[in-house]
Amino acid sequence: MLPLVSIQAQAPMASPVHAVDEGHAKGNMDLGEQLREVNGVSGSRLGSHGVSPIFRAQGGERLIQEVDGASLYPACPSGMDSTLGYATTGSQSDLTLYKGAQTVSRGPNFAAGSIEVTRHTPTRSDDDGVHGTLGAGWRSNDDATSETLSLTAKQGDFWAALDFEHSERNNYEDGNGDTQPGAYRSDNGSLRVGAFASEDVAIEAGVAVVRIDDALYPAMDAPRSDMDRQYLKLTVDNLGPFSHTETQLNHARVVHDMDNVTLRDLDDSSMSMDMGSGMDMGSGMDMGSGMDMSDMAMFSSATTETWYASTQGDIPLTIAGHDSVLTLGVDAERLESNTHSKMGMSLDSLSDSQTWPDVVRTRGGIFAELDTTLDADNRLVTGARYDVSISDARDADEVVGSNASAISAWRAQYGDDVEAKQRDGEFSALARLEHRFSDEVKGYAALSRSVRFPTATERYYNRQSDSNAWLGNPELDPEIHQQLELGVAVRQGAWRYSADTYYNRVHDWIELSEGDSLTTYDNVEAEIYGLEFEASWQRSGWRHSAGVAATHGTNLSDGTPLSQVAPFNGYLATRYDADRWWAGARLDAAARQSRISDNEEATAGFGIVGLEGGYRVTDAIELSAGISNLFDKTYAYHVNRFYDDPLQGDVQVTEPGRIFWTHASWSF
């Protein structure tokens, strides 16, 4: 199992921080699964690896997802893999969710919030020596095992940190006893080194490697998913007017291979069938009205390579007698994405295509943010940034296999004046005011304008077929999110309450449109609004808590619901902590979701109970165990990957049935 990972869900600073940092092993080896414990967060499952978090009706590249301070992008054009699936963690990692618009410094797409995986590093004042954590776990149902090791050593001004994890899972059974694909094998590790060059200068470098093999999914599997990442970070204090500066360089390469042959017993003869009107050599494959994609051999190899650089610094100021900090910074990233695919009725007669035709996306941004303490009860954060995005499909004119060129397909669908190369420049801004009404009550109001540029798939996907074509739209405009947020946090004795509400008016929301034989993307007007409420009581070792969240999303262009909006959901939890042991129970529930887009199917509601407990044998050794889905219910989250990948069919992947799990950790 994953080692204990600290998870925090933060609304803007006037709201409480919700920590789920104990008893967190639960047998969940996926960070996306773990984030589901945060009120209002759902997660899209395809197999067992790479649950993709969604909150406030937004997921994927609509969220800022950073690992060690830099964005990390998956490789599958249809979203089979996920960012958090490639995040190397370790026992000294923090997984943090910042809800809503809090800063302009992390990127332009900050409306829903950001997810960060960060790892602790030694400080100058830490004692010399070696310390670490060794962990192991097991869970039933899919007979999953995991072993982890984290080591940190410091000597004088130098330090090094090593993290390693090996995990394996088999297919799992849902509550009906039906076997669901989810097996995989994973090895990941990282090595980080650092030095304190002087009292004000620190340098850090690291490499991370992820190897995910033989991952099973419903329609296509992933025999290989590899990630290699390197980074360099320089921190300098007291540099001219800057009290603190941070500069980093980051490079990552993700390779994702998928097919429906390598890990399956595929009978080549079963692919012989009536081809209808046969091949259309100009527009792709005409597969007839009764074609079943599972009867075809499909292969695809995708690569995404990311370069990222940023520098920012803080300048202390006094403005009209108020203490302020001005943060100035620039950042840039470049993504190169390629996907080559083969498909056919026989392994001896496969048709080539390039579904990502050498897509390059480059974005650069400059920002300024001012954090001002107005008085003892008021704080104002204002910020602005400007980003330029240039994207191009460099192989759009290439003819691959029997297909027409990608640019020909896009022009046939969207118009003769469509061009592959696009340039966008957009302005983002944020103003957030916090106010302390009393020692017990704090509130905030935030107004923001943020930008989300189209993905490689949304702009440049190129799958040509008369029965299941799927085309990106190079003419898409960036999404513009204009959002108002209000929140309050109350503390009364042993009680804590928080309520957060938001309204997000989106110009040029990018919506997937799935027809009988063609999937495309269009810009529409949209609105998203919702409410999140939590309450807790804590005294004498007991903690009881509850939360509910409601989200509503509408395509204002045609009055229909937005896709992938979670239904009304919530949780109830209780826990008791003694000197050496702890025990708890939790109910997670969701209502039926029948307010759906034309691309979706309704999802039944559910209520799932879990039990957990632990015993601290010594200050260094802890044992924990529990039962997830105690009553072996069959259920599925409404958010699911079939929306991201229409070729999967209407697949709402059911969650695992009853799971018994154990975990042990030793810190030294």
(message) Can you tell me if F158 has over 12 outside heavy atoms packed within less than 6.0 Å of its CZ?
(response) no
(message) With a 6.0 Å cut-off on the ring centroids, do H435 and F437 count as close?
(response) yes
(message) Ignoring hydrogens and geometry beyond distance, is a side-chain donor-acceptor pair present between R595 and T554 at under 3.5 Å?
(response) yes
(request) Can you see which heavy atom on P474 is nearest to which on Y460, and at what distance? (result) CB-CE2, 4.2 Å
(request) Could you tell me whether a side-chain N or O of H322 sits under 3.5 Å from a main-chain N or O of T372, the two making a donor and an acceptor? (result) no
(message) So, using salt bridge (Lys or Arg N to Asp or Glu O under 4.0 Å) as the criterion, who are the partners of E61 when residues are at least two apart?
(response) R361
(request) Heavy atoms only: give me the nearest S391-R459 pair and the separation to one decimal. (result) OG-NH1, 3.1 Å
(request) Report the residues that fulfil salt bridge (Lys or Arg N to Asp or Glu O under 4.0 Å) with D126, sequence neighbours left out, ordered by chain and then residue number. (result) none
(message) So that I can tick it off, tell me whether D128 and K154 are bridged by a salt bridge, with the cut-off set at under 4.0 angstrom between side-chain N and carboxylate O.
(response) yes
(message) Between the side chains of D163 and R192, is the shortest nitrogen-to-carboxylate-oxygen separation below 4.0 Å, so that they form an ion pair?
(response) yes
(message) Tell me whether E532 contacts the main-chain N or O of T501 through its side chain, where contact means a donor paired with an acceptor under 3.5 Å.
(response) no
(message) On a heavy-atom basis, which atom in R539 and which in A494 lie closest, and how many Å separate them?
(response) NH2-CB, 3.7 Å
(request) Determine, stepwise, if the pair Q230 / N250 fulfils side chain to side chain contact (heavy atoms under 4.5 Å, CB included). (result) CA-CA 6 Å; Q230 310 85 37; N250 194 296; over 6 Å; no
(request) Could you list the residues that satisfy side-chain hydrogen bond (donor to acceptor under 3.5 Å, both in side chains) with T327, not counting sequence neighbours? (result) D314
(request) Could you check whether the rings of W495 and Y497 sit parallel, tilted or perpendicular, using 30° and 60° as the cut-offs? (result) parallel
(request) Output every pair passing side chain to side chain donor-acceptor pair (under 3.5 Å) with a member in residues 195-208, not counting sequence neighbours, ordered by first then second residue. (result) D200-N238, E204-Y231
(request) Would you check if the side chain of D392 reaches a backbone N or O of V360 as a donor-acceptor pair within less than 3.5 Å? (result) no
(request) Can you sort out the partners of R505 under salt bridge (Lys or Arg N to Asp or Glu O under 4.0 Å), two or more places apart, ordered by chain and number? (result) E525
(message) Could you check whether R106 makes a cation-pi contact with Y98, meaning its NZ or CZ is under 6.0 Å from the centre of the six-membered ring and within 45° of the ring axis?
(response) yes
(message) Test of understanding: with side-chain contact (heavy atoms from CB on, under 4.5 Å), list the residues that count as partners of D375, not counting sequence neighbours.
(response) D377, N378
(message) Going by the rule side-chain contact (heavy atoms from CB on, under 4.5 Å), which residues pair with A526 if we only count those two or more places apart in sequence or in a different chain?
(response) V506, W509, L562
(message) To the closest 0.5 Å, what do you measure between CG (L239) and OG1 (T235)?
(response) 12.0 Å
(message) Would you say that V548 contacts N569 through its side chain, given a criterion of any heavy-atom pair below 4.5 Å between the two side chains?
(response) no
(request) Report the C-alpha separation of R452 and E426 in whole Å, then their side-chain angles, then the decisive distance to 0.1 Å, and conclude whether the salt bridge (charged side-chain N to carboxylate O under 4.0 Å, His left out) test is met. (result) CA-CA 9 Å; R452 204 273 292 187; E426 292 292 346; over 6 Å; no
(message) So, using salt bridge (Lys or Arg N to Asp or Glu O under 4.0 Å) as the criterion, who are the partners of D323 when residues are at least two apart?
(response) none
(message) Could you report the tightest heavy-atom contact between H638 and Q564, atom names first, then the distance?
(response) O-NE2, 3.8 Å
(message) What verdict does the salt bridge (charged side-chain N to carboxylate O under 4.0 Å, His left out) test give for K99 and D500, after you've listed the backbone C-alpha separation in whole Å, the side-chain angles of each residue and the deciding distance to 0.1 Å?
(response) CA-CA 10 Å; K99 288 185 179 179; D500 302 275; over 6 Å; no
(message) By the definition side chain to side chain contact (heavy atoms under 4.5 Å, CB included), identify the one residue from L326, L317, I315, L328 that meets it with P241.
(response) I315
(request) Using atom types as modelled and distance alone, determine if a side-chain donor or acceptor of T318 lies under 3.5 Å from a backbone N or O of G321. (result) no
(message) Do R432 and T382 pair up side chain to side chain, a donor and an acceptor below 3.5 Å, judged on atom types alone?
(response) no
(message) Using only atom types and a distance under 3.5 Å, with no angle test, would you say the side chain of R449 pairs donor to acceptor with the backbone of A429?
(response) no
(request) Check whether any side-chain heavy atom of S667 sits under 4.5 Å from a side-chain heavy atom of H131, and report yes or no. (result) no
(message) Donor-acceptor pair, distance only, cut-off 3.5 Å: does the side chain of S44 make one with the backbone of S52?
(response) no
(message) Whether R379 engages the ring of Y444 as a cation-pi pair (distance to the six-membered ring centre under 6.0 angstrom, angle to the ring normal within 45°) should be assessed.
(response) no
(message) How close do G59 and I54 get, counting heavy atoms only, and between which atoms?
(response) CA-CG1, 4.0 Å
(request) Using the side chain to side chain contact (heavy atoms under 4.5 Å, CB included) rule, take R575 and W582 through it: C-alpha gap first, then chi angles, then the decisive distance, then the call. (result) CA-CA 7 Å; R575 176 178 169 124; W582 59 269; 3.4 Å; yes
(request) Tell me yes or no: between the side chains of Q248 and E246, is some donor less than 3.5 Å from an acceptor? (result) no
(message) Is there a side-chain contact between W159 and V193 in this structure, where contact means two heavy atoms from C-beta onward sitting under 4.5 Å apart?
(response) no
(request) Check whether any side-chain heavy atom of T457 sits under 4.5 Å from a side-chain heavy atom of Y521, and report yes or no. (result) yes
(message) Do T551 and I528 make a side-chain contact, defined as non-hydrogen atoms from C-beta onward lying under 4.5 Å apart?
(response) yes
(message) Donor-acceptor pair, distance only, cut-off 3.5 Å: does the side chain of Q58 make one with the backbone of F55?
(response) no
(message) Checking V330 now: which residues fulfil side-chain contact (heavy atoms from CB on, under 4.5 Å) with it, not counting sequence neighbours?
(response) T311, I366
(message) Over 60° means perpendicular and under 30° means parallel, so tell me whether W307 and H251 are parallel, tilted or perpendicular.
(response) tilted
(request) Return yes if a side-chain donor-acceptor contact under 3.5 Å exists between Y86 and D81, otherwise no. (result) yes
(request) Please report the closest heavy-atom contact between K233 and D68, naming both atoms and the distance. (result) NZ-O, 4.2 Å
(message) With heavy-atom distances below 4.5 Å as the criterion, would you say the side chains of F568 and Q593 are in contact?
(response) no
(request) Please tell me if the side chains of S150 and L162 come closer than 4.5 Å, counting only heavy atoms from C-beta onward. (result) no
(message) Strictly below 4.0 Å, N to O, side chains only: are E305 and R334 in salt-bridge contact?
(response) no
(message) Quick check: do F110 and T103 have side-chain heavy atoms less than 4.5 Å from each other?
(response) no
(message) Donor-acceptor check, side chain of E333 to backbone of T306, threshold 3.5 angstrom: yes or no?
(response) no
(message) Under a 3.5 Å distance rule, please check whether E440 uses its side chain to pair with a backbone N or O of Q492 as donor and acceptor.
(response) no
(request) Using side-chain contact (heavy atoms from CB on, under 4.5 Å) as the criterion, list what pairs up with D387, not counting sequence neighbours. (result) P108, D331, R363, R385, F453
(message) Looking at W537, I'd like to know if the NZ or CZ of R496 sits under 6.0 Å from its six-membered ring centre while staying within 45 degrees of the ring's axis.
(response) no
(request) Tell me, please, which residues at least two apart from E475 pass side-chain hydrogen bond (donor to acceptor under 3.5 Å, both in side chains). (result) Q422
(message) Using the side-chain hydrogen bond (donor to acceptor under 3.5 Å, both in side chains) criterion, which residues pair with S125? Sequence neighbours excluded.
(response) T123
(request) Would you confirm whether Q482, through its side chain, and S448, through its main-chain N or O, come within 3.5 Å as a donor-acceptor pair? (result) no
